[in-house]
Amino acid sequence: MIRTASAVRRRARFRRTAVLGFLAVMGPGIITGFAGNDAGGVTTYTAVGAHYGYALLWLLLLSTAGLRMGAVTGKGLSDLIRERFGVRWTIVAMVALLIANGSNVVAEFAGVAASLELLGVERIVSVPAAAIAIWALVVFFSYRVVERALFVLLLAFVAYPASAFIVRPDWDAVLHGLAVPTLSPGQAALIAALALVGTTITPYMQFYIQASIVDKGIDRELYRFARVDVYLGALLTGINGFFIVVVAGAVLFPAHILVTSASDAAQALGPLAGGQATLLFGVGLFGASLLAATVMPLSTSYAICEAFGWESGISKDFREAPVFMGLFTLLLVIGAIVVLSPSVPLIPLILVSQNVNGLLLPIVLVFILRLAGDRSLMGDQANGRVSQIVGIGTAVMASALSIGLVAVTVLGL
C-alpha cells in the first residue's frame with residue numbers, strides 16, 4: 001500500500017514536471033505553424049474548397065506530416081548551414097530567402113488590407129497602422145512580450161472552425177474527402193493540389209522556428225518538450241487548413257461560386273451563410289495576415305544575421321543589433337509601401353508569393369535533412385534511418401510539388 005501511494009506520488013510529480021517543462025518551451029512551434037496559414041495559405045485553401053469541394057482534403061494529411069523541425073544545437077539554421085556547407089552556399093540560401101520573404105511580407109500586408117476592406121477600412125489606414133504596430137511591438141518589447149502578443153493573435157484562428165460549424169457541412173462527405181484520395185486528371189486540379197501542399201510547407205517557417213527556439217533559450221534538456229511543441233503546431237496548422245477548405249467546400253462549391261481570394265470568399269459567404277460567417281472569415285484572414293507579417297520579416301532578419309555572424313534577437317535594441325532591427329524595419333516599410341499603391345492588385349501579389357516559395361523550398365529541405373542526419377552535430381537526437389527515409393520522402397514529394405507549381409505557373413499551362 002505504501003509502495004503504491006509512493007508510486008502514485010512519483011507519477012504525479014513526473015506529470016507536473018512534464019507539464020511545466022512543456023509550458024516553459026511552448027510557443028515557437030505553435031506560432032510558426034499558425035503563421036504558415038498566412039494570407040497565401042488562406043487564399044489557397046479557400047480556392048481549393050470553392051473549386052473542388054472536399055475532394056482534396058486528403059492532401060492536407062500529407063502536407064501536415066511534412067511540418068516537423070527540431071532544435072538541439074543551440075544555433076539557428078542559417079548559422080549551421082554556414083558551418084557545415086560554407087559561405088558560398090550560405091549566400092545562395094540567404095539571397096533566395098530574402099527574395100522569397102520580401103514577396104511574402106508584401107503578401108501579408110495585402111492580406112491585412114483585403115480583410116479590413118471587408119469592414120470598410122481603406123488600405124491607406126489599415127496598412128500603415130498594422131506596420132507601425134508590428135514595428136513597435138518588436139523594437140520596444142522583449143521576446144517574452146512579443147511571443148505573448150503573437151499568442152493573442154492565434155485567437156483569430158478560432159474563426160475558421162466557428163465558421164465551419166455555422167455553415168453546417170455534410171460531415172460524412174467531409175470524412176470521405178479526407179480518407180479517400182481522389183484527383184481529377186485535369187491540369188487545373190493538378191495546380192490546386194500542388195498549391196495546397198506547397199503553401200503549407202514554407203521555407204521561412206524552417207528558419208523562424210529554429211531561430212526563435214534559440215532566442216528563447218531552449219537547450220538539450222528541454223528538447224523533448226520543444227519537439228512536442230513543433231508537432232502540436234503542425235497538427236493545429238493542418239486542422240486549421242482543414243476547416244478553411246470545409247467552409248469553402250460547404251458553401252461556395254455547391255453554389256458554383258469560384259473565388260480566387262479569401263476576401264472574395266468572405267463576401268460570398270454573406271448571402272449564402274449569413275453575415276456572421278463573413279465576419280468570422282474576415283477576422284481569421286486579418287489575424288493570419290498580421291501574425292505572418294510579424295513572423296516573416298523576423299525570420300529573414302534572424303536568418304541573415306545568423307548566417308554572417310551579426311547580433312540578432314528580439315530582446316536586443318538598435319544599438320545592440322543594428323542589422324537585425326534595420327533589416328526588420330526595411331522589410332516592413334517596403335511591404336507596406338508596395339501595398340499602399342492603388343494600382344497594385346492585392347490577390348495576384350499573394351499568389352505570386354506562393355510561387356516564389358516553391359523555388360526556395362527544395363534548397364532549404366536539402367540543408368535541413370543533411371543537418372538532421374548529422375550525428376556529430378545532433379548527437380543522439382539525430383534522425384535515425386527510418387526518420388531519414390521518411391524525411392527524404394517528404395522532401396522529394398514537397399519539392400516535386402513545389403517545383404511543379406512554379407513550372408506550371410511560369411509556362412502558363
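Values reported hereafter were calculated over all heavy atoms of this structure, with side chains retained and with hydrogens, waters and symmetry mates removed. Predicted, not measured: the structure shown is a model, and the values here were computed from it.
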Check whether any side-chain heavy atom of [X] sits under 4.5 Å from a side-chain heavy atom of [Y], and report yes or no.
X	Y	value
Phe308	Ile91	yes
Ile134	Leu332	yes
Ser126	Phe286	no
Leu340	Phe109	no
Tyr45	Asn240	no

Q | Glu306 CD to Thr90 OG1 distance, which is reported to the nearest 0.5 Å | A | 11.5 Å
N/O donor-acceptor pair under 3.5 Å between [X] side chain and [Y] backbone:
X	Y	value
Ser299	Val295	no
Ser301	Phe328	yes
Arg144	Ser315	no

Looking only at heavy atoms, what is the nearest atom pair of [X] and [Y], with distance?
X	Y	value
Met325	Val139	SD-CG2, 4.1 Å
Leu290	Leu153	CD2-CD2, 3.8 Å
Leu137	Val146	O-CG2, 3.5 Å
Ala321	Glu311	CB-O, 3.5 Å

(Q) Are Tyr302 and Phe324 an aromatic pair, judged by ring center distance below 6.0 Å? (A) yes
Q) Between Phe243 and Trp171, how do the two ring planes meet: parallel, tilted or perpendicular, split at 30° and 60°? A) perpendicular
Q) Taking the six-membered ring for Trp, are Phe318 and Trp135 parallel (under 30°), tilted (30 to 60°) or perpendicular (over 60°)? A) tilted
Q: Applying side-chain contact (heavy atoms from CB on, under 4.5 Å) between Ile337 and each of Val339, Val333, Ile334, report the one that passes.
A: Val333
